[in-house]
Structures are given as structure tokens and as C-alpha cells.
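Here is the structure we will look at, set down as C-alpha cells.
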Amino acid sequence: MNFRKPKGTKDILPKDIYKWHYAERVIRDVTALYNFSEVRTPTFEYTELFKRGVGTDTDIVGKEMYTFDDKSGDSLTLRPEGTAPVMRAFVENSMLNDAPLHKLYYITNMFRYERPQAGRYREHTQFGGEILGSDSFYTDVELILLAKEVYNRCGVNNFKVKINSIGKPDERNAYVAKLRDYLKDNLTALSDDSKRRFETNALRILDSKNPGDRTITDAAPKILDHLGTESRSRFDKVVNELTKLSVNLEVDFRLVRGLDYYTDTTFEFVSEDLGSQDALGGGGRYDGLIEQLGGKPCPGVGFGSGLERVLIVAEKNGFTFGEPNKPQIYFISLNDAARDKAFELMQALRKNNIACETDMLNRSFKAQMRDANKLGVKNVYILGEDELTKGKGQLKNMSTSSQSEVDFDKIAEAIN
RNA sequence: GUGAGCGUAGUUCAGUUGGUUAGAACAUCAGAUUGUGGCUCUGAGGGUCGGGGGUUCGAAUCCCCUCGCUCACCCCA
């Protein structure tokens with residue numbers, strides 16, 4: 001074993017791939033129901049995009065990016081998140097000129113240099129959705145419903161939606177000042193991490209897991225009490241609508257997301273079946289982002305969700321992801337002439353969309369039967385000397401063990 | 001970046017106070033009389049005991065270093 005996969009990456013082997021296909025199918029079905037269109041953007045972007053879009057103070061940009069110079073000296077970065085690239089594509093392709101509203105989704109891999117742990121990888125897959133062009137509270141609601149539907153169809157029902165609003169930028173700044181004012185007096189009691197955050201990003205102290213920090217922040221001013229009337233009313237409408245649709249909601253004043261571009265609504269789907277990294281997905285509004293990236297002012301809302309995490313919870317719940325593909329018929333050949341005939345018959349069946357398999361190792365009759373059994377095929381078609389002269393093979397049903405002669409050109413109808 | 005736990009066949013694990021050729025189960029492959037799977041029986045292949053160094057007559061077992069994995073902090077999907 002000389003070569004190993006890089007830390008934090010994974011191989012998805014044939015025995016598991018059908019689960020991924022299933023989940024991807026669900027995502028494509030559900031996004032279609034909500035009239036979202038897929039976008040695919042490059043795996044890497046100019047580094048500046050993420051610095052500008054995500055924010056240099058965030059951990060993602062500050063220490064987690066896979067950044068490198070190409071041969072011309074341009075700084076490129078493997079995408080660490082999905083929203084900034086989609087916004088770049090949206091602006092660059094002047095999509096707003098085609099239509100005033102766009103609903104976009106993606107399923108793609110993301111890269112972040114972090115220490116791997118349960119549910120956290122250096123390369124992971126996210127599916128996400130973005131609604132661009134509308135600031136209607138219905139768009140926030142629709143995205144949450146979309147994600148919820150995907151989870152449900154993957155057998156994931158035991159999660160709750162944490163929701164909060166961090167208001168408009170000026171409301172947020174005013175609130176952060178109040179928060180810092182409150183924390184100032186407790187500064188010595190805060191954890192070292194939070195002391196650091198007090199300087200860099202005081203909002204983040206709210207979601208510290210440190211029990212001491214939590215006791216202090218329990219009594220801190222709440223951002224929801226410091227929103228303007230418009231923001232507050234917007235938040236209430238989102239909450240009311242989701243409650244009406246019986247989404248398992250929890251208003252959480254601690255929910256401040258780690259990306260700089262959020263405004264107003266923020267939300268996160270959390271599941272107790274994950275480890276310490278308990279977020280299935282998260283998102284929020286980002287009404288200033290497109291303008292910040294050089295586009296015309298345009299409201300937007302989006303979310304991203306970790307596919308690995310969805311699969312972890314689904315599997316823990318014992319969800320069955322359909323079945324792996326298997327051939328419908330297995331050809332057993334007892335000599336070279338039969339092998340030749342089998343090969344020819346298989347090609348004809350495959351043209352009729354019938355999945356076939358045969359032995360490629362010149363194995364014994366018994367071994368071929370075993371192979372067919374292990375593959376779980378329903379039918380076996382046996383070709384030997386007698387069958388070749390008769391022009392009929394033996395078709396055996398593996399579950400009933402019944403067997404009958406079937407003409408070479410009647411196989412397709414016989415196995416229906 | 002910080003901390004803790006763990007590394008023995010493909011997989012899950014045994015391996016007694018250091019003592020002969022390191023075991024089991026499952027998986028894989030083959031056979032159980034002539035051309036028939038699942039169950040059963042028999043057999044086979046497969047291990048530098050993560051790697052390196054040290055202690056010892058002798059190390060999977062003790063010590064040191066190193067690599068890897070896992071989980072947690074951090075952060076997030």
C-alpha cells in the first residue's frame with residue numbers, strides 16, 4: 001500500500017454508489033418541482049472572488065482555502081462554498097437581463113482545508129439552491145421547504161430548523177456595538193477563543209459551545225429586539241409561514257452564520273444524528289452580495305447542504321436507497337462456441353434495454369451459477385452443445401428454479 | 001492550529017505475566033463423480049502484527065520516535 005488518498009477525502013465504492021445516485025435523483029426531482037435550474041461553475045475561481053464574496057475575516061477565507069498560483073502567476077482557489085461562484089456566473093453572464101427572477105441549484109464538491117472529523121471532510125459534496133431577484137419572504141420559505149423535501153425523501157425527518165435574523169447591515173452593526181458593550185464587562189470570564197472573537201467578530205461569541213460563554217451570552221441583548229420594524233416584520237412573516245406549514249422550527253438568537261454576506265434571515269438545519277458537526281445545511285439572505293461582486297443591486301437568498309451528512313443521517317435511520325443495479329439475465333456458456341453465441345445474444349438484448357452479464361473468467365458451470373446467484377439476477381440462460389444444435393437455450397428462473405427451453409430470438413419476451 | 005483515543009488477514013476481532021511455524025469468524029476462490037446457484041461439508045489463498053529504532057537469549061506484547069485513522073475543540077456542510 002504505497003499510495004493513500006489525501007487526508008479528508010473519500011472513495012465512494014460500487015457497493016455504496018447507488019445511495020449517491022438515489023440522493024442525486026431526489027435532488028433533481030425536487031428542484032424540478034420547485035422550478036429550479038441547475039448551474040455548473042468551475043471547480044476553481046480567482047481567489048479574489050472568495051475574498052470579496054465570503055469575506056476575509058471568515059475562517060473559510062482566512063485559513064481553510066486551497067489556494068495556489070497557476071503557471072501565469074494568477075492566484076486560484078478550489079471553491080470552498082457555492083454561493084460566491086454562482087453569483088459570479090450570474091453577474092458575468094448578465095442573467096438579470098434575461099429575466100427578473102432566477103432559481104438556481106447545484107450539486108458539486110467543495111474544498112476546505114480543515115481537520116477531518118465526523119461528518120467533516122476536506123472535499124465534500126453540497127447541493128444548494130439560490131433564488132435571485134426577489135426579496136419576497138416567500139423565497140426564504142420556499143428554499144427551506146425545498147431542502148426539507150429533499151431530506152424527507154431521503155428518509156431524513158428528525159431534524160429541526162433553527163432560524164434567526166441578523167437584520168440589515170446597519171442594524172447589525174448597531175447591535176454588535178451593543179453586544180460588545182455588554183460583553184466588555186464580562187471579558188475576563190470569556191473563553192480565550194471568545195476573547196479573540198471579541199476583537200475580530202463579536203457576533204460569533206453567541207454560538208460558542210463553551211458553557212461559561214453561554215451563561216454570559218444568555219443574558220446578552222438579543223438581535224431580534226434590535227431589528228428595524230421592516231426587518232422584524234419580515235422575520236415574523238417567514239416564521240409564521242413556516243409554522244403554518246408545520247416545519248419544526250426553533251428561533252435561535254445564537255444562530256449567526258460564519259459567512260459575511262448574510263442579511264436578515266439566517267437558518268440552519270440541525271440533526272441530533274450527526275456528531276458534533278450537527279448541521280445538515282444552512283443558508284440565509286444576502287441582499288448586498290451581488291452588488292458587492294459588481295452586479296446591479298439584486299436581492300438573493302440561498303442555502304447549501306452537505307450530501308455526506310444527509311447520507312449519514314439517512315443511513316443511521318436505516319433508510320433504503322432503492323436497490324443497486326443488477327443485470328436481468330446472466331448467460332452461462334459451457335464451451336467456446338456457446339460463449340461466442342452468448343456474446344452475440346447479449347448485444348441484441350442490450351439494444352433492447354435489457355441488462356446482461358456473463359462469465360468472463362472461463363469458469364466452471366457451477367462457478368457460473370454461483371456468480372449469477374451472487375449477482376442476484378432473476379434469470380439465467382444456459383448454452384451448451386445441445387442448446388446450440390437445437391437453437392434453443394435453457395432459461396432458468398433463479399427464484400423458482402423452473403427451467404424451460406427458449407429460442408435464441410425469444411429471450412426478451414420470455415423474461416418479461 | 002490544539003487535545004484525546006486507536007492501529008494484528010479484504011472486513012470485524014482474539015492473541016493469557018514478553019516464549020516455538022500469529023488465530024477465529026465472515027468474505028474470496030476451489031472441490032464434494034459425468035452440464036445446474038442458495039444450505040451443508042472439505043480445502044486453499046491471503047498478514048513486512050502501520051513504519052523505524054531500542055531493551056531482551058527471545059517482542060504483536062515493554063520503551064522512544066514517526067506515520068496513519070478516529071473523535072472533540074475550532075469552524076462549518
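Lettering of chains follows the sequences in order, A, B, ..., and the numbering in each one begins at 1. These numbers come from a predicted model, not from an experiment.
The minimum heavy-atom distance between A:A23 and A:L311, with the atom names listed, is CB-CD2, 4.0 Å. Here the closest non-hydrogen pair linking A:K392 and A:E405 is CD-OE1, 3.6 Å.
What separates CD of A:E268 from P of B:C76 is a distance of 9 Å, to the nearest Å. Put simply, CG on A:L190 is 13 Å from P on B:C74, counting in whole angstrom units. Between the CG atom of A:L274 and the P atom of B:C71 there is a distance of 12 Å, rounded to whole Å. Note: CZ (A:R122) to P (B:G1) measures 8 Å, nearest angstrom. Whole-Å rounding puts the A:D193 CG to B:C76 C1' distance at 15 Å. The NZ atom of A:K162 sits 13 Å away from the P atom of B:C76 (whole-angstrom rounding). Protein atom CG of A:N201 is 14 Å distant from nucleotide atom P of B:C74, rounded to whole Å. At whole-Å resolution of the value, CD in A:Q368 and C1' in B:G38 are 17 Å apart.
Partners of A:R370 according to the salt bridge (charged side-chain N to carboxylate O under 4.0 Å, His left out) rule, which considers only residues two or more places apart in sequence or in another chain, do not exist here. Partners of A:A147 by side-chain contact (heavy atoms from CB on, under 4.5 Å), not counting sequence neighbours, listed by chain and number: A:Y151, A:F269, A:F303. Qualifying side-chain hydrogen bond (donor to acceptor under 3.5 Å, both in side chains) partners for A:K19, counting only residues two or more places apart in sequence or in other chains: A:D16, A:E315. For A:E387, the side-chain hydrogen bond (donor to acceptor under 3.5 Å, both in side chains) criterion is met by no residue, not counting sequence neighbours. The salt bridge (charged side-chain N to carboxylate O under 4.0 Å, His left out) test applied to A:K184 returns A:D181, not counting sequence neighbours. For A:E291, the salt bridge (charged side-chain N to carboxylate O under 4.0 Å, His left out) test picks out no residue, with sequence neighbours left out. The side-chain contact (heavy atoms from CB on, under 4.5 Å) test applied to A:E92 returns A:R88, not counting sequence neighbours. A:D59 pairs by the side-chain hydrogen bond (donor to acceptor under 3.5 Å, both in side chains) definition with A:K63, not counting sequence neighbours.
Mapping A:G281 and A:M398 onto RNA chain B via the closest heavy atom, the residue that lands nearer the 5' end is A:M398. Along RNA chain B, the nucleotide nearest A:N397 and the nucleotide nearest A:R257 are compared for position; the residue whose nucleotide lies closer to the 5' end is A:N397.
Residue A:K63 places none of its side-chain N or O atoms closer than 4.0 Å to OP1 or OP2 of B:C75. Note on A:R112: a side-chain N or O is less than 4.0 Å away from OP1 or OP2 of B:A77. In this structure, A:T58 does not reach the B:C75 phosphate: none of its side-chain N or O atoms is under 4.0 Å from OP1 or OP2. For the pair A:Q277 and B:C73, the criterion of a side-chain N or O lying under 4.0 Å from OP1 or OP2 is met. Look at A:R120 and you won't find any side-chain N or O under 4.0 angstrom from OP1 or OP2 of B:C71.
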Item to check | Chi angles and distances behind the side chain to side chain contact (heavy atoms under 4.5 Å, CB included) call for A:N397, A:K378 | outcome: CA-CA 6 Å; A:N397 182 310; A:K378 280 207 196 76; 5.7 Å; no
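Rounded to a whole angstrom, the distance from the C1' atom of B:U11 to that of B:A27 is 7 Å. Comparing the P positions of B:U12 and B:G50 gives an interatomic distance of 14 Å, to the nearest angstrom. Spacing of P atoms, B:U33 relative to B:G38, comes out at 13 Å, to the nearest Å. Between B:U8 and B:C62, the two P atoms lie 15 Å apart (nearest whole Å). Annotation: B:A30 and B:A14 have their P atoms spaced 32 Å apart (nearest Å). Between B:C49 and B:U61, the distance separating the two P atoms is 9 Å to the nearest Å.
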Please list, pair by pair, any protein nitrogen or oxygen found under 3.5 Å from a nitrogen or oxygen in nucleotides 3-13 of chain B.
unit_1: B:G3; atom_1: O6; unit_2: A:R115; atom_2: NH2; d: 3.4

Between the protein and nucleotides 27-35 of chain B, list the N/O to N/O atom pairs that are separated by less than 3.5 angstrom.
unit_1: B:C29; atom_1: OP1; unit_2: A:K374; atom_2: NZ; d: 3.4
unit_1: B:G35; atom_1: O6; unit_2: A:D386; atom_2: N; d: 3.4
unit_1: B:G35; atom_1: O6; unit_2: A:D386; atom_2: OD1; d: 3.4
unit_1: B:G35; atom_1: O6; unit_2: A:D386; atom_2: OD2; d: 2.9
unit_1: B:G35; atom_1: N1; unit_2: A:E387; atom_2: OE1; d: 3.1
unit_1: B:G35; atom_1: N1; unit_2: A:E387; atom_2: OE2; d: 3.2
unit_1: B:G35; atom_1: N2; unit_2: A:E387; atom_2: OE2; d: 2.9

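Counted by atom type alone, A:Y286 and A:Q292 present zero donor-acceptor pairs between their side chains at under 3.5 Å.
Here the nucleotide nearest the side chain of A:H124, chosen from B:C74, B:A77, B:A72, is B:A77. Taking every side-chain heavy atom of A:N373 into account, B:G38 is the closest of B:C74, B:U36, B:G38.
For the pair A:K103 and A:Y34, the NZ or CZ position fails the cation-pi test of under 6.0 Å to the six-membered ring centre and within 45 degrees of the ring normal.
A:A372 comes within 4.0 angstrom of nothing in the nucleic acid, heavy atoms only. Here A:K7 lies in heavy-atom contact (under 4.0 Å) with sugar-phosphate atoms only. At a threshold of 4.0 angstrom between heavy atoms, the contacts of A:G119 include nucleobase atoms, whether or not backbone atoms are also involved.
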Checklist outcome for this item: Under the rule of Watson-Crick or G-U wobble with both distances under 3.5 Å, where | means paired to another strand and [ ] a crossing pair, RNA chain B maps to (((((((..((((.....[...)))).(((((.......))))).....(((((..]....))))))))))))....
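The base of B:C74 lies close enough to the side chain of A:Q117 for a donor and an acceptor atom to sit less than 3.5 Å apart.
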Let me check something: any side-chain donor-acceptor pairs from residues 109-116 of chain A under 3.5 Å, sequence neighbours excluded? List them with distances.
unit_1: A:N109; atom_1: OD1; unit_2: A:R79; atom_2: NH2; d: 3.0
unit_1: A:N109; atom_1: ND2; unit_2: A:E123; atom_2: OE2; d: 2.8
unit_1: A:R112; atom_1: NE; unit_2: A:P80; atom_2: O; d: 2.7
unit_1: A:R112; atom_1: NH2; unit_2: A:P80; atom_2: O; d: 2.9

